[in-house]
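Note sheet for the following structure.
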Amino acid sequence: MPSTVFNWIFLGTIVYLVFCTILIALIALYVFGASKIGCVIFYIVASILSFFSYNFGIIFDETVTKSTLETTVGEFSQYLNLNLLLWIVFNIFIALLFMFKVELQKVSFANRMVKAFKVYAGICLSLFIIGSVYYKDYASFLRNNRQFRHMVNPISPIYETGKYFKKRMFPVKNIFVQIGGDARMITESTSNKKLVILILGETARSDHFSINGYKGNETTPNLQKLDVVSLKKVVSCGTATAVSVPCMLSRMGQQAFSIDGSKAQSNLLDVAKLSGYEVSWIDNNTGCQGVCDRVNVVDLNPYKNDKDCTSTTCYDEILVSALKDQLRPEKNQLIVLHTLGSHGPSYYLRYPKAFAKFKPSCETSELSNCTKEEVINTYDNSLLYTDYIVSKIINYVDETDSREKTVVYISDHGESLGENGVYLHSLPYVIAPKEQKHVPFIFWFDQKTAEKNRKKIDNLRKFQLCNFSHDNIFSTFLDILDISTILYEKKSDLLRLDSWRCKVDHG
Ligand SMILES: [Zn+2]
């Protein structure tokens with residue numbers, strides 16, 4: 001809290017700044033005779049978005065706006081609940097009341113221009129005064145709170161929406177650059193074919209996996225029975241699927257990553273395909289974010305049935321059925337399974353009733369109406385189901401497929417479960433809590449692969465408590481896939497890492 005009058009006034013000027021931003025937009029609409037409808041639209045949009053910000057701590061920056069606009073009907077319907085509907089109806093009523101009860105004076109365009117000019121001049125003057133008094137304070141405030149501009153509701157979401165559609169209508173023509181043109185399998189063999197399965201988790205947080213030391217519900221009983229290596233301190237590239245998924249498979253790394261940039265160059269799947277792998281993508285989530293554009297995408301429709309699917313979504317078991325039909329023992333294969341995992345807020349819809357082991361649970365998307373214990377139990381039930389799916393896949397290929405096999409499970413980002421009043425994910429990375437960034441990263445190798453790579457796997461096991469990130473995926477997978485390319489970086493390869501690269505400084 002501010003400790004001096006000077007700081008209290010500074011806080012007041014921030015509120016005034018937000019007010020001015022909205023006023024500037026509304027006055028522009030006023031000049032063109034649309035102030036009434038503009039107010040109504042602003043009010044309705046702001047009230048709906050404030051519901052999500054207030055209840056889930058969501059900030060509508062570029063990534064969240066993009067994810068919202070690209071969400072599926074099924075996913076969106078899970079956010080609908082009685083409180084939200086009542087909130088929308090109430091605010092539309094207020095807006096309509098304003099629309100019909102408030103009469104605006106008829107003023108000529110020229111007069112409106114004069115009035116707007118006066119208000120704008122007043123705003124400029126006041127901002128100049130504030131700037132001259134609080135320049136230093138604003139410089140450090142804005143530098144330390146870059147996400148602040150995204151909190152100006154509804155200006156930021158409307159601006160980001162405009163930017164999104166502009167990009168869609170006038171896409172910047174990025175020339176696609178094929179990288180890794182030299183990629184080849186190192187020991188191409190007709191007798192020892194490889195099967196590599198990458199299971200992309202959704203919204204799984206590392207500290208709720210029993211295998212990583214979680215002391216609450218026992219969420220990973222099946223994985224703990226298997227000979228797996230689980231890295232316990234891995235951070236994600238982003239806090240939203242739209243960022244993390246392309247980043248995980250890109251060579252760019254988090255520092256250099258951009259969604260457009262990653263679309264303009266080959267990713268891990270392209271490099272694997274170029275080396276001779278048959279690459280398949282099977283998706284039970286909201287799509288592959290462009291990473292599967294040049295590989296085989298499996299249609300899940302033939303696998304949908306009443307047992308695994310509702311009208312809007314399917315349990316991840318559907319991926320296991322589809323996977324079984326994709327296995328080609330005569331080929332080298334890389335298969336990516338994009339799970340729906342623990343996607344919130346309707347965690348209770350992510351698993352069949354048989355997995356509702358931890359009780360009491362939260363059988364609604366209105367997380368704020370449930371106790372902390374209920375939210376955690378429901379989320380943990382979804383992890384229990386993930387444990388079942390991942391171990392089922394491992395056991396199935398182990399028993400039925402004679403190739404050298406590796407199965408890797410890694411989540412795209414974590415999830416807040418009410419810590420400090422924050423729920424879900426997608427907070428800007430710099431301010432996102434660790435719960436949204438720490439992800440499970442688990443490896444399983446079949447006996448043949450393990451024997452051939454004993455030293456590498458021992459190396460991996462040695463690093464279980466070291467700090468790693470999604471940036472380690474690219475080169476580690478090149479090693480697992482046995483691909484030689486100039487893109488490979490030993491310093492990122494978890495199977496060949498030097499001990500001095502083990503750091504344990506982040507919590
Ligand atoms: Zn996600």
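Remember, it's 1-based here, ligands and their atoms both numbered in the order they're listed.
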Using distance only, find each side-chain donor-acceptor pair of residues 352-361 under 3.5 Å and give its atom names and separation, not counting sequence neighbours.
residue: S361; atom: OG; partner: E363; partner atom: OE2; Å: 2.7

Between Q464 and V229, is any pair of side-chain heavy atoms under 4.5 Å apart? yes
Which protein N, O or S atoms lie under 2.8 Å from the Zn ion (ligand 1), given by chain and residue number? E202 OE1, E202 OE2, T241 OG1, D412 OD2, H413 NE2
Just one of V291, L487, L249 clears the side-chain contact (heavy atoms from CB on, under 4.5 Å) bar with L268, so which one? L249
Mutual orientation of the aromatic rings belonging to F52 and F60 [parallel < 30°, tilted 30-60°, perpendicular > 60°]: perpendicular
Is the distance between the ring centroids of Y379 and Y347 under 6.0 Å? yes
Using a distance-only test with no angle check, is there a side-chain donor-acceptor pair under 3.5 angstrom linking Q436 and H425? no
